[in-house]
Every structure is written in C-alpha cells, then in structure tokens.
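Report on the structure given below.
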Amino acid sequence: MTKRTAIVTGGNRGIGYETCRQLARLGYRVVLTSRDVDKGMQAAERLRREGGEIVYRPLDVTSLRHIKDLFHYVQRNFGGADALINNAAVYLDEGRNVLETAIEVYRTAMDVNLYGPLVLCQTFLPAMLAQNYGRVVNVSSGAGQMGSLAADTSAYRLSKLALNGLTLMLADAVAGSNVLVNAVCPGWVRTDMGGPAAPRSVEQGADGVVWLATLPEGGPSGGLFRDRQPIDW
C-alpha cells in the first residue's frame, strides 16, 4: 500500500506533537504544521530522530494563502492528503465570564478554532472525495458539549460548540463516501493549554485522535468521541 499522508495542525507541541509521533510510528508520512516556524522545525527534527517520515510546513490556519500553499505542496509532492487533523486552537479566556469577555476574544477564537478547520476542510475534502479516501478529525472539547455549557471560558466553549456543529455538517456533505469526519474530546490533558494539574497524559489525549485518523473503511462518521467511545454533543 502506498504510504498514507496525514496533516496535523498545531503539531509543534502537546496533543498535536504526540499525534504526529504516534502516526509516524504507524508508518504514516506526517506533515507537521505550526504557526511558529522555529518551534515547528525544532519539533519536526526531534521526531525525525525517533524515526519515521516527518515533513514540516508553516501554517497559520487563519491565512487563506497558507492553506492554499499547504494544499498545493501536499498535492504536488505526495499526491494528496489521506488524513487531516484539525488540532490547532487557542484558549484565550480562562477564568473570564461571558458578561466580561471582549468581542475581539470571541472573534479570534472563532477564527482559529472554527474558521481555520472550515477552510482547511473546504480545501482538502474535494480531493479526498475524488480519491474516495479521507479521514478528518476535529479536535474538540467537552467544554463545547451542549450539556456542559457554562458562563466561564465562553469564547472557547462557543468555538468548540460551533466546531462540533461543523463536524456534523461536513459528515453529511461526504455521506456515502469513504471519507469519514469526526470530532474528538481528548479530555483534560497535561499540556501548555491544559496545565500541569490535568489528570491525563498527552499519550492518552492523542490516542483517540489517532484512532479516528486511521479508521478502517465503514468506520463511524459524524460522531463525537472520547476514549474511543461516542459521547453526547
């Protein structure tokens, strides 16, 4: 089988970095992307020393030019992407109430956490449909579940709630094909975003992401999962 190619956004640290590591160990060619070029190149080099094929490309998910450049690079060099992991995200309003969070914070959260994945999917999904293979994983959060919405961290929560809705729409758009689109809640993980008090390791957090990125034909689509089990939206 031709080596599959997976794109991971925000792959320079945390869950994204561990996702790159696990996919490379499974034999995937991994395109590690990040907004910070220096940190991204350093992360890719560390992973290369562990073995596997890691390619670095710069990507600001809010930049249409960056997304188009990434698409053309992957098409030209690898014949297309087989998996797209929308992991890059911002968490800007910890401890802030919905009544006191500035509108600019909401706009930034939506730009990165929702519109970035949307444009990436609009760019890469048509080619996946043409090859009748693709796996899209939107890294979401239990904070965006309808049953857990609260007044705190509202910009982050709204962006993940919207990402969950986008996942359902995308899954419907590709229904009947061998392109599967799902969302995953990795849980509260010990990363720069999650903090040192989080109970879960990055290995545990990335496990569900990698599982969805490597689903066999006939696997689930249009679901939200935690620990490989479906959970409520």
Side-chain angles (χ1 to χ4, degrees), residues 4-21 23-24 28-48 53-92 104-131 134-141 155-156 158-160 162-163 166-167 169-170 173-174 179 181 183-184 191-193 206 209 213:
R4 296 207 184 279
T5 299
I7 298 169
V8 181
T9 70
N12 63 297
R13 65 180 186 177
I15 294 170
Y17 182 83
E18 180 62 25
T19 296
C20 291
R21 171 187 280 134
L23 286 170
Y28 278 67
R29 175 190 300 112
V30 179
V31 182
L32 184 160
T33 75
S34 68
R35 184 174 56 181
D36 188 307
V37 174
D38 288 340
K39 291 180 180 178
M41 292 180 68
Q42 292 168 15
E45 181 57 33
R46 287 196 303 272
L47 288 173
R48 286 191 201 103
E53 186 174 353
I54 307 290
V55 178
Y56 176 72
R57 297 299 293 175
L59 178 67
D60 179 347
V61 299
T62 68
S63 168
L64 182 58
R65 179 180 62 81
H66 275 207
I67 291 172
K68 288 183 175 179
D69 286 349
L70 176 65
F71 174 76
H72 291 307
Y73 175 86
V74 171
Q75 290 294 121
R76 182 173 62 252
N77 290 279
F78 311 128
D82 300 291
L84 170 64
I85 295 91
N86 287 310
N87 168 74
V90 293
Y91 181 59
L92 304 173
E104 289 77 13
V105 176
Y106 291 95
R107 290 188 175 121
T108 301
M110 288 294 187
D111 278 345
V112 177
N113 299 356
L114 174 66
Y115 301 140
L118 170 60
V119 177
L120 279 158
C121 286
Q122 288 177 330
T123 303
F124 281 91
L125 274 172
M128 289 181 174
L129 287 169
Q131 69 188 15
R135 303 291 182 262
V136 175
V137 185
N138 292 325
V139 180
S140 187
S141 170
Y156 181 76
L158 279 176
S159 69
K160 293 301 186 179
L163 182 64
L166 174 63
T167 302
M169 294 175 187
L170 293 169
V174 301
V179 178
V181 183
V184 61
T191 62
D192 289 350
M193 183 181 290
V209 180

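Sequence positions, counted from 1, serve as the residue numbers for this chain.
- Nearest heavy-atom pair across Thr19 and Ala206 is OG1-CB, 3.6 Å.
- Note that CE of Met128 and CG of Leu84 are 5.5 Å apart. Values are rounded to the nearest 0.5 Å.
- Checked by atom type and distance alone, the side chain of Asn87 never pairs as donor or acceptor with a backbone atom of Val139 at under 3.5 Å.
- Residue Ile7 forms a side chain to side chain contact (heavy atoms under 4.5 Å, CB included) with just one option from Val30, Ile85, Leu70, and that option is Leu70.
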- prompt: After noting the C-alpha distance and the side-chain angles of Leu166 and Leu163, does the key distance pass the side chain to side chain contact (heavy atoms under 4.5 Å, CB included) rule?
  reply: CA-CA 5 Å; Leu166 174 63; Leu163 182 64; 4.2 Å; yes
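- The two residues Tyr56 and Met41 make their nearest non-hydrogen contact at CD2-CG, 3.5 Å.
- To the nearest 0.5 Å, atom CD of residue Glu104 and atom CG of residue Leu92 are 12.0 Å apart.
- Nearest heavy-atom pair, Leu23 versus Ala213, reported as atom, atom and distance to 0.1 Å: CD2-CB, 4.4 Å.
- With hydrogens and angles ignored, the 3.5 Å screen pairs no side-chain donor or acceptor of Ser63 with any backbone N or O of Leu59.
- Of the possible donor and acceptor atoms, none in the side chain of Arg4 sits under 3.5 Å from a partner among the backbone N and O of Tyr28.
- A pairwise comparison of heavy atoms in Gly10 and Ala88 identifies N-CB, 3.7 Å as the closest pair.
- Across all their heavy atoms, Pro58 and Val37 have their closest contact at CB-CG2, 3.9 Å.
- Taking CZ from Arg57 and CG from Asn77, the interatomic distance works out to 7.5 Å, rounded to the nearest 0.5 Å.
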Please list every donor-acceptor pair under 3.5 Å in which a side-chain atom of residues 113-126 meets a protein atom from a residue at least two apart or in another chain.
{"unit_1": "Asn113", "atom_1": "OD1", "unit_2": "Val90", "atom_2": "N", "d": "2.9"}
{"unit_1": "Asn113", "atom_1": "ND2", "unit_2": "Val90", "atom_2": "O", "d": "3.1"}
{"unit_1": "Asn113", "atom_1": "ND2", "unit_2": "Ser159", "atom_2": "OG", "d": "3.0"}
{"unit_1": "Thr123", "atom_1": "OG1", "unit_2": "Val119", "atom_2": "O", "d": "2.7"}

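- Counted within 6.0 Å of CZ on Arg35, heavy atoms from surrounding residues, nucleotides or ligands total 12 or fewer; the atom is thus considered open.
- With respect to Asp111 and Arg107, no salt bridge is recorded, no charged nitrogen being found less than 4.0 Å from a carboxylate O.
- Checked by atom type and distance alone, the side chain of Asp82 never pairs as donor or acceptor with a backbone atom of Ala6 at under 3.5 Å.
- With hydrogens and angles disregarded, no donor-acceptor distance shorter than 3.5 Å links the side chain of Ser140 to the backbone of Val184.
- Judged by distance alone, the side chain of Gln131 and the main-chain N or O of Ala81 form a donor-acceptor pair under 3.5 Å.
- Rounded to the nearest 0.5 Å, atoms SG (Cys20) and CZ (Arg46) are 11.0 Å apart.
- One finds the OG1 atom of Thr5 at 10.0 Å from the CD atom of Gln75 (value rounded to the nearest 0.5 Å).
- Here the shortest heavy-atom pairing between Asn12 and Leu32 reads N-CD2, 4.0 Å.
- Using a 4.5 Å heavy-atom cutoff, the side chains of Tyr17 and Val8 are not in contact.
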